[in-house]
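We number each residue from 1, following the sequence as shown.
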Amino acid sequence: MTTDTRSTSSRLRHDPLVRGLGWASALLGVPQVAAPAGFARALGVGDAPRHRSATTAVGVRELAAATGLLGRPHPAWLWGRVGGDLMDLTMLARALKNHDGRGLGRTVAAAAAVTALTATDVYAAVTRTRRSTPMELTAATTVTRSPDEAYTLWRDVERLPEFMVHLDEVHVTGPRTSHWRAGAPFGKTVEWDAEITQEVPGQLVAWRSVEGADIANSGEARFVPAPGGQGTEIRVSLRYELPGGAAGKAAARWFGEEPHQQLDDDLRRFKQIAEIGEVVRSEGAPGGKRARGEFPQHPARPLTEDELKEALS
């Protein structure tokens with residue numbers, strides 16, 4: 001066993017979530033192997049030979065995961081659980097589709113429980129995997145403001161959370177430094193200190209996180225006169241390390257955290273602030289960031305007096 005593997009195993013062995021998932025696998029696996037017919041009936045899917053065989057196979061997989069997570073824990077076992085969860089959901093979906101109605105409520109409850117467990121397993125796998133994937137995002141927009149005006153608005157870093165949806169707050173800590181706090185996939189929060197690395201008023205501002213950041217990142221915004229003097233083209237590039245490697249990237253996208261789309265949306269909101277002074281809310285999400293998961297949206301409309309007071313509070 002390599003030093004890195006031993007270090008990972010030691011770190012995860014004392015992790016409450018990892019051990020909890022290990023015991024959950026054990027508690028699920030034992031009855032599935034010992035009494036597959038009874039377990040299948042408890043789920044409301046019947047005890048036909050194919051149901052017993054599938055239940056036994058799932059139980060063996062759960063016991064293997066329990067052995068790994070409780071004995072020699074490693075992120076691979078967590079990702080194994082995620083893969084197993086997806087298989088379980090597929091089987092339960094097929095069972096619901098072909099259900100004869102007897103015990104349907106128990107099958108629906110089982111599907112809901114596995115869905116919740118899948119979210120927990122994905123969270124554990126992503127956050128306990130130390131590999132990271134370098135991400136580089138680029139996007140551009142054009143605003144009907146001069147380069148100096150657009151630059152000045154962007155350079156006011158404490159206003160960035162107004163249009164960058166995952167930023168919770170930014171505080172200036174010095175002439176060229178600031179502290180950032182942002183939301184991350186699966187309800188996590190990350191923080192870092194940043195410094196301005198390059199600055200040309202009206203043309204360019206570049207920044208990067210300093211040592212000790214939860215997620216290392218850097219970026220730059222360029223402000224270029226649009227053709228024909230029609231405003232300013234803003235070109236933004238961001239670079240950061242996405243936790244969890246390629247699997248973490250796929251999982252984040254599966255849970256609606258598509259980084260490229262987020263940056264495009266951020267620039268669209270910046271355009272609204274630059275041109276009309278505020279982000280246009282919709283009837284479907286007057287609260288803005290707090291309601292970003294609400295669908296469908298409705299046509300944009302002005303805020304009511306109460307909504308405006310809440311937004312400004």
Is there a side-chain contact between [X] and [Y] (heavy atoms, below 4.5 Å)?
X	Y	value
W23	L70	yes
D266	V165	yes
H166	Q262	yes
W154	E149	no
V18	L78	yes
R61	D88	yes
Q32	F39	yes
R72	T67	no

Kindly check if the number of other-residue, nucleotide or ligand heavy atoms within 6.0 Å of CZ (R239) is above 12?
yes

In this structure, are over 12 heavy atoms from other groups packed under 6.0 Å from R181 atom CZ?
yes

Please name all residues satisfying side chain to side chain donor-acceptor pair (under 3.5 Å) with R19, sequence neighbours left out, ordered by chain then number.
none

Candidates T120, L117, V122, T118 - the one meeting side-chain contact (heavy atoms from CB on, under 4.5 Å) with R81
L117

Quick one about R268 and T141 (side-chain donor to acceptor, distance below 3.5 Å, no hydrogens or angles considered), yes or no?
no

Between E275 and T144, do the side chains contain a donor N or O and an acceptor N or O under 3.5 Å apart?
yes

Answer with yes or no whether the hydrophobic clustering places [X] together with [Y]; edges join I, L, V, M, F, W, Y residues whose side-chain heavy atoms lie under 4.5 Å apart.
X	Y	value
W180	V190	yes
L160	L137	yes
W77	V30	no

Between the side chain of [X] and the main-chain N/O of [Y], is any donor-acceptor distance below 3.5 Å?
X	Y	answer
T173	T177	yes
R106	R41	yes
R208	S218	no

Y151/V200 under side chain to side chain contact (heavy atoms under 4.5 Å, CB included): CA gap, chis, key distance, verdict:
CA-CA 9 Å; Y151 168 86; V200 181; over 6 Å; no

Carefully, step by step, assess E220 and V236 under the rule side chain to side chain contact (heavy atoms under 4.5 Å, CB included).
CA-CA 6 Å; E220 67 177 35; V236 179; over 6 Å; no

Applying side chain to side chain contact (heavy atoms under 4.5 Å, CB included) to E199 and R155, what does each step give before you reach the verdict?
CA-CA 10 Å; E199 187 172 17; R155 183 62 175 81; 2.5 Å; yes

Show, in sequence, the C-alpha distance, side-chain angles and deciding distance for V58 and M91, and conclude whether the side chain to side chain contact (heavy atoms under 4.5 Å, CB included) test is met.
CA-CA 11 Å; V58 171; M91 289 190 292; 3.4 Å; yes

Step through it carefully: locate the ring centre of W192, locate the ring centre of Y240, and say whether they are under 6.0 Å apart.
no

